[in-house]
Amino acid sequence: MTRSASIQRKTNETNIELELNIDGSGQSQLDTGVPFLTHMLDLFAKHGQFDLSVNAKGDTEIDDHHTTEDIAICLGQVLKEALGEKKGIKRYGNAFVPMDETLAQVVIDLSNRPHLEIRGAEFPSQKVGTFDTELVHEFLWKFCLEARMNLHVIVHYGQNTHHIIEAIFKAMARALDEATTIDPRVKGVPSSKGML
């Protein structure tokens with residue numbers, strides 16, 4: 001059974017169609033209108049082995065904020081839907097990713113309790129291309145909130161803003177791939193509560 005979901009979200013600021021297949025092969029079809037975010041989502045799909053399709057139109061003539069935020073909302077919602085009751089999953093994921101001089105770590109708990117912690121992610125530049133680096137926090141926060149997961153991001157060190165953000169997205173994808181993996185030893189939901 002393929003774990004996948006799709007969503008269409010239309011507001012006065014954005015119009016987004018997004019589809020996610022957790023059990024994919026790293027394929028992506030992306031048209032976000034935000035070039036750097038497109039690059040990060042492509043890496044996310046590749047390193048998480050997710051199939052991801054995003055078609056987004058937003059008010060990028062103002063800035064990239066609304067489009068970035070709403071894509072994160074949609075991605076979190078489809079991830080939550082695709083996971084269903086979360087039976088048999090590993091639940092936890094942890095990944096370290098080096099990117100030249102940068103080392104990032106992401107730890108995930110698909111707990112149904114949304115929380116974001118970021119440590120050490122101080123970006124030397126305020127922009128990468130036309131992308132405002134403060135939107136990284138916005139994306140991660142809305143993604144973990146809508147997916148209802150614990151998301152801990154630790155940048156151990158790094159100097160190049162592009163490398164830091166790229167390492168975060170790659171590590172997040174790999175940690176999420178681990179957390180969503182079906183473990184045949186897990187019977188039912190991996191919680192002593194009996195539900196997540």
Side-chain angles (χ1 to χ4, degrees), residues 3-5 7 9 11 14 16 18 20 22 34 37 40-41 43-45 47-50 52 54 64-97 99 102-123 131-158 161 164-183 186 188-196:
R3 296 176 296 168
S4 63
I7 192 172
R9 174 186 167 91
T11 72
T14 63
I16 297 168
L18 189 149
L20 175 71
I22 295 172
V34 182
L37 180 61
M40 293 303 105
L41 291 174
L43 296 171
F44 175 79
H47 287 267
Q49 293 297 301
F50 309 126
L52 177 63
V54 181
D64 296 336
H65 185 106
H66 296 142
T67 303
T68 301
E69 178 181 33
D70 286 6
I71 288 173
I73 289 170
C74 291
L75 185 61
Q77 288 178 354
V78 296
L79 175 62
K80 183 177 182 295
E81 183 181 343
L83 282 170
E85 295 179 358
K86 303 178 183 173
K87 289 181 178 177
I89 64 168
K90 287 190 173 181
R91 177 180 166 178
Y92 296 98
N94 178 37
F96 288 86
V97 168
M99 178 74 187
T102 296
L103 180 64
Q105 179 185 13
V106 172
V107 185
I108 286 173
D109 177 11
L110 295 172
S111 61
N112 205 35
R113 295 188 309 276
H115 187 82
L116 174 65
E117 286 291 334
I118 302 178
R119 297 285 184 265
E122 297 174 6
F123 304 124
F131 187 80
D132 292 318
T133 54
E134 68 179 9
L135 293 178
V136 174
H137 181 278
E138 192 68 28
F139 182 93
L140 296 174
W141 167 230
K142 293 302 165 44
F143 180 38
C144 82
L145 180 65
E146 295 296 334
R148 299 194 59 81
M149 65 180 173
N150 269 213
L151 178 61
H152 291 248
V153 177
I154 305 116
V155 178
H156 294 280
Y157 41 83
T161 301
I164 293 169
I165 299 170
E166 184 164 329
I168 290 170
F169 270 79
K170 287 177 176 177
M172 180 170 67
R174 289 179 174 271
L176 193 57
D177 181 37
E178 180 182 0
T180 58
T181 295
I182 299 293
D183 185 340
V186 177
V189 174
S191 172
S192 58
K193 295 183 180 73
M195 66 177 290
L196 288 171

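In this chain, residues are counted from 1 in sequence order.
Nearest heavy-atom pair, C144 versus P114, reported as atom, atom and distance to 0.1 Å: O-CB, 3.6 Å. Counting all heavy atoms, side chain and backbone alike, C74 lies closest to I7 at CB-CG2, 3.7 Å. Annotation for I168 and A121: closest pair CD1-CB, 4.4 Å, computed over non-hydrogen atoms. Nearest heavy atom pair, residue S111 against residue N150, reads OG-ND2, 3.4 Å. A179 approaches I89 most closely through the heavy-atom pair O-CB, 3.7 Å. Considering all non-hydrogen atoms of both residues, A95 and A175 come closest at CB-N, 3.7 Å.
Side-chain contact check for T102 versus Y157: every heavy-atom pair is 4.5 Å or farther apart. The side-chain heavy atoms of L135 and L37, taken from C-beta on, include no pair separated by under 4.5 Å. Residues L75 and F139 form a side-chain contact, since some pair of their non-hydrogen atoms from C-beta on lies under 4.5 Å apart. Here the side chains of F131 and M40 are not in contact, with every heavy-atom distance at 4.5 Å or above. At least one side-chain heavy atom of L176 sits less than 4.5 Å from a side-chain heavy atom of F44. Taking 4.5 Å as the limit, some side-chain heavy atom of L18 sits within range of a side-chain heavy atom of L52. Counting heavy atoms from C-beta outward, D132 and H65 have side chains that stay 4.5 Å or more apart. With contacts defined as side-chain heavy-atom distances shorter than 4.5 Å, the pair I16/I73 does not qualify.
Applying the salt bridge (Lys or Arg N to Asp or Glu O under 4.0 Å) criterion to E146, with sequence neighbours excluded, gives no partner residue. R113 pairs by the salt bridge (Lys or Arg N to Asp or Glu O under 4.0 Å) definition with nothing, not counting sequence neighbours. Annotation: side-chain hydrogen bond (donor to acceptor under 3.5 Å, both in side chains) contacts of E122 (sequence neighbours excluded): none. Residues passing the salt bridge (Lys or Arg N to Asp or Glu O under 4.0 Å) test with K90, sequence neighbours excluded: none. For F123, there are no ring-ring contact (aromatic ring centres under 6.0 Å, His included) partners at least two apart in sequence or on another chain. Applying the side-chain hydrogen bond (donor to acceptor under 3.5 Å, both in side chains) test to D64 and every residue at least two apart in sequence or in another chain returns nothing. For H137, there are no side-chain hydrogen bond (donor to acceptor under 3.5 Å, both in side chains) partners, not counting sequence neighbours. Residues satisfying the ring-ring contact (aromatic ring centres under 6.0 Å, His included) criterion with H156, sequence neighbours excluded, are F96. Taking E69 as the reference, K142 meet the side-chain hydrogen bond (donor to acceptor under 3.5 Å, both in side chains) condition, with sequence neighbours excluded.
Here NE2 of H66 is found 8.5 Å from OG1 of T14. Values are rounded to the nearest 0.5 Å. In this structure, M172 CE and L151 CG are separated by 6.5 Å, a value rounded to the nearest 0.5 Å. Distance check, rounded to the nearest 0.5 Å: OG1 of T133 to CD1 of I164 gives 9.5 Å. Interatomic distance, CG of N94 versus CD of Q105, reported as 5.0 Å (0.5 Å rounding). In this structure, the separation between CE on M149 and CG on N112 is 12.0 Å, given to the nearest 0.5 Å. Atom-to-atom distance recorded for D183:CG and R91:CZ is 13.5 Å, nearest 0.5 angstrom.
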Considering only distance and modelled atom types, tabulate donor-acceptor pairs under 3.5 Å from the side chains of residues 78-86, sequence neighbours left out.
| residue | atom | partner | partner atom | Å |
| --- | --- | --- | --- | --- |
| E85 | OE1 | K87 | NZ | 3.2 |
| K86 | NZ | L110 | O | 3.4 |

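Sequence neighbours left out, the pairs with a member in residues 171-182 that pass side-chain hydrogen bond (donor to acceptor under 3.5 Å, both in side chains) are H47-R174.
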Stepwise, does the side chain to side chain contact (heavy atoms under 4.5 Å, CB included) test hold for D70 with R9? CA-CA 8 Å; D70 286 6; R9 174 186 167 91; 3.6 Å; yes
